[in-house]
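Let me begin by presenting the structure, written as structure tokens, before commenting on it.
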Amino acid sequence: MGIAGAANLVCLVNLPRGREHPYAPLGLLCLAGALKGTAFPSLVLDFELLYRTGKLSSSDPNLPETVARMAADTGARFFGVTTDCSSYPVTIRFCQLLKERNPRAVVILGGPHASFIGPETIAAFPEAVDFVVRGEGEETLPELLAALAAGSDPGAVRGIAYRADGRVVATPPRPPVRDLDALPRPDFTGYPVAELLALFAPLGQHPFLPVESGRGCPKACSFCAATRLWGRHRARAPRTVFDEMAALNREHGVSAFEVIQDNIASDPGFLPAFCDLLTDAGSPFRWSCSISTDFLDDAIAERMRRAGCTGVFVGIESGSPEMQRLIGKQLDLGHAERAVRACLERGMTVGTGFILGFPEETTRDLDLTLSLATRLRRAGAEIRLSQLSIFPGTPIYRRHLGEVVLEERYSCTSVPLLSFAGQRELVARHPELFSSYFTLPNRHWPQVDLGWMILFFDIAWMYFPQPLGNVLEAAGPLGDGPLDVFLAWDRWRASTRPDAPFTPDFVFYSFNDFLDHFAAELGRRRAERPGDLDSPAAPA
Ligand code: B12
């Protein structure tokens with residue numbers, strides 16, 4: 001790190017999160033690209049990578065202090081920290097500790113979480129955070145740094161929040177970057193790419209890097225902040241994306257990519273042209289992407305496969321047409337199911353995301369979601385169930401923030417890797433900042449623990465998809481859906497293992513016992529209602 005200690009050094013910080021895959025912090029690398037050649041040299045300090053490579057230990061009781069010391073030791077004058085919901089408490093703690101060590105440090109937050117709660121963050125933690133940048137940072141950050149270095153009024157910089165004369169000020173929003181192709185490439189030069197790529201082999205995964213295809217999404221779903229974060233959706237030119245892949249391939253030997261955008265088909269013209277470009281070049285890369293099923297059919301799936309696409313992620317969210325309408329996603333669920341199958345039939349992996357816990361969701365909606373997920377799992381898709389998280393910047397946050405409750409266990413999208421003394425009190429005091437740690441009660445459901453429900457289905461779908469399917473087939477004629485099966489499991493757990501730990505291992509190792517218990521229960525219920533039912537298959 002030759003530039004450490006240089007005047008005007010900007011340290012771009014990614015705090016450790018304990019993610020499921022190794023990931024390059026693309027947003028910070030974009031900022032490094034934007035600062036290249038300016039008066040503000042930057043370095044990306046990726047604590048997630050240090051954690052994954054064993055250079056930081058999550059069992060270090062002083063991990064927040066260690067991380068703050070390492071950041072302070074760079075000698076940087078400016079610190080730009082990227083934020084998301086699950087790392088926000090530790091982000092605040094990190095900034096406090098950094099400022100204690102180096103009171104002259106200028107701390108700037110940005111990213112999808114802080115963007116929506118800039119003034120609130122600065123008002124709550126004036127000792128820790130100096131500026132919050134809203135939305136895209138490539139133009140705002142260099143402008144802000146230039147204003148600070150020149151000692152001029154940052155009030156002229158659009159898209160920031162800060163404190164002036166004891167008041168919190170938010171400047172007018174900055175319009176979205178008009179031409180994404182004109183942005184500098186993400187700068188990987190100071191980043192230890194080889195170390196990151198070496199992490200994939202032990203996980204049995206193909207090493208990949210992220211490339212952006214564009215920003216934003218034409219939809220405005222009630223739970224998602226993407227549309228509000230990025231403003232108008234914009235695509236990059238297929239050729240720019242292809243050239244970036246080719247350059248990363250030349251420079252780092254990587255031949256697989258995750259194409260980053262909430263929905264690669266946001267601009268309907270991009271995807272066909274991108275596929276053709278790759279196919280004409282001999283499909284040199286493997287790639288995956290997120291796509292809305294609206295845009296996915298046999299023809300486009302075939303085009304994607306030929307172009308090297310090996311996997312897609314689709315957010316379906318709910319199996320209920322009524323919920324599709326209420327959350328504003330408006331998917332045609334029959335089409336969604338066919339779209340998933342079109343990809344699976346072509347050998348692609350398909351990850352499907354579902355959300356449980358919308359405030360209006362009834363038990364019937366929930367059953368429809370769990371049934372659809374079970375069908376897709378049996379067809380070969382991977383299922384990711386999430387508890388509804390309340391993100392700042394979303395309609396759900398605006399409507400329901402006043403109703404959230406802090407359960408004993410945090411909401412499962414926000415289990416922090418780093419905890420520190422006083423974290424729970426900090427979270428409890430600021431639902432407006434840490435909303436994703438809270439739960440939104442649902443009036444229509446029985447009192448169920450969503451954490452257990454998600455753990456139950458995760459394990460069942462991962463390891464027991466066939467037996468679970470058989471159970472559902474056997475329970476169906478008795479009027480039971482997947483929710484009833486979970487409730488039966490939950491009763492069985494409460495009566496036989498009331499102190500069971502909340503762990504995947506517990507669900508896994510007790511699953512066969514539950515199946516035996518449930519088969520016996522179904523047998524009893526059938527016997528009580530002879531003649532009502534055809535002779536049903538016993539669950540295997
Ligand atoms: C890839 C991805 C992931 C990857 C990891 C990403 C990574 N780099 O480490 C994985 C799959 C692991 C992941 C996981 C999760 N993710 Co995610 N993920 C994304 C996704 C699709 C792309 C991120 C990206 O690279 N964007 C492109 C770069 C260029 O954008 P950027 O990072 O936002 O940076 C720009 C600006 O935000 C800003 N900026 C960012 N940081 C900073 C810092 C400073 C100082 C400044 C000035 C500016 C600035 O400038 C950058 C350039 O313009 C985004 C959606 C999206 N389209 O961005 C969601 C997104 C970030 N994820 C989200 C969520 C909720 C999650 C999960 C919690 C989901 C879950 N169900 O568990 C988990 C978190 C797990 C964990 N423990 O951390 C939300 C975050 C919402 C929030 N309020 O925090 C997003 C926005 C999706 C959404 N539509 O809501 N995710």
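Worth knowing before you read on, the calculation uses all heavy atoms, side chains too, and leaves out hydrogens, waters and symmetry mates. Counting starts at 1 for both ligands and their atoms, in listed order.
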Legend entry - Atoms in ligand 1 with a heavy atom of Arg215 nearer than 4.0 Å: 29 (C), 52 (C), 53 (O)
Legend entry - Side-chain ion pair, Asp130 and Lys99, N-O less than 4.0 Å: yes
Inset, instruction - Would you check if the distance from the ring center of Phe270 to the ring center of His233 is below 6.0 Å? - result: no
Inset, instruction - Quick one: look at Glu48 and ligand 1, take heavy-atom pairs under 4.0 Å, and tell me if it's side chain, backbone, both or neither. - result: neither
Legend entry - Short N or O distance, Glu212 and ligand 1, threshold 3.5 Å exclusive: no
Inset, instruction - Give the numbers and elements of all ligand 1 atoms closer than 4.0 Å to a heavy atom of Leu26. - result: 25 (O)
Legend entry - Distance-only N or O hit between ligand 1 and Ile260, under 3.5 Å: no
Inset, instruction - Measure from atom 36 (C) of ligand 1 to every heavy atom in Gly27, Gly135, Gly110 and give the option owning the shortest one. - result: Gly135
Legend entry - Presence of salt bridge, Lys219 and Glu317, under 4.0 angstrom: no
Inset, instruction - Report yes or no: does Ser318 contribute a side-chain atom to a donor-acceptor pair with the main-chain N or O of Gln324 at less than 3.5 Å? - result: no
Inset, instruction - For Gly137, counting its heavy atoms only, list the atoms of ligand 1 lying under 4.0 Å from any of them. - result: 38 (C), 50 (O), 52 (C), 53 (O)
Legend entry - Side-chain donor-acceptor pair present, Asp84, Ser87, cut-off under 3.5 Å: yes
Legend entry - Ser213 (side chain) donor-acceptor with Val259 (main chain) under 3.5 angstrom: no
Legend entry - Contact check: Glu138 vs ligand 1, nitrogen or oxygen atoms, below 3.5 angstrom: yes
Inset, instruction - Kindly confirm or rule out an N or O of Thr83 lying under 3.5 angstrom from an N or O of ligand 1. - result: no
Inset, instruction - Pick one of side chain, backbone, both or neither for how Cys85 approaches ligand 1, counting any non-hydrogen atom pair under 4.0 Å. - result: both
Inset, instruction - Look at the side chain of Arg384 and the backbone N and O of Thr352, then say whether any donor-acceptor pair between them is shorter than 3.5 Å. - result: no
Inset, instruction - Under 4.0 Å, heavy atoms only, figure out whether ligand 1 is touched by the backbone of Asn14, its side chain, both or neither. - result: neither
Inset, instruction - Could you walk me through whether Arg77 and Arg104 pass side-chain contact (heavy atoms from CB on, under 4.5 Å), step by step? - result: CA-CA 7 Å; Arg77 177 176 172 199; Arg104 297 187 55 229; 5.9 Å; no
Legend entry - Test item, Pro210 contacting ligand 1 (heavy atom, 4.0 angstrom): no
Inset, instruction - Please work out whether any backbone atom (N, CA, C, O) or any side-chain heavy atom from C-beta onward of Phe116 is under 4.0 Å from ligand 1, and answer side chain, backbone, both or neither. - result: neither
Inset, instruction - Heavy-atom distances under 4.0 Å are what count here, so tell me which part of Asp84 touches ligand 1: side chain, backbone, both or neither. - result: both
Legend entry - Under 4.0 Å to a heavy atom of Gly111 - the qualifying atoms of ligand 1, by number: 37 (O), 39 (N), 40 (C), 41 (N), 42 (C), 49 (C)
Inset, instruction - Report yes or no: does a heavy atom of Ala24 sit under 4.0 Å from some atom of ligand 1? - result: yes
Inset, instruction - Mark up the atoms of ligand 1 that fall under 4.0 Å of a heavy atom belonging to Cys224, in ascending order. - result: 89 (N)
Inset, instruction - Check whether any N or O atom of Tyr23, backbone or side chain, sits under 3.5 Å from an N or O atom of ligand 1, and answer yes or no. - result: no
Inset, instruction - Kindly confirm or rule out a cation-pi arrangement of Arg228 over Phe116, judged by NZ or CZ under 6.0 Å from the six-membered ring centre and within 45° of its axis? - result: no
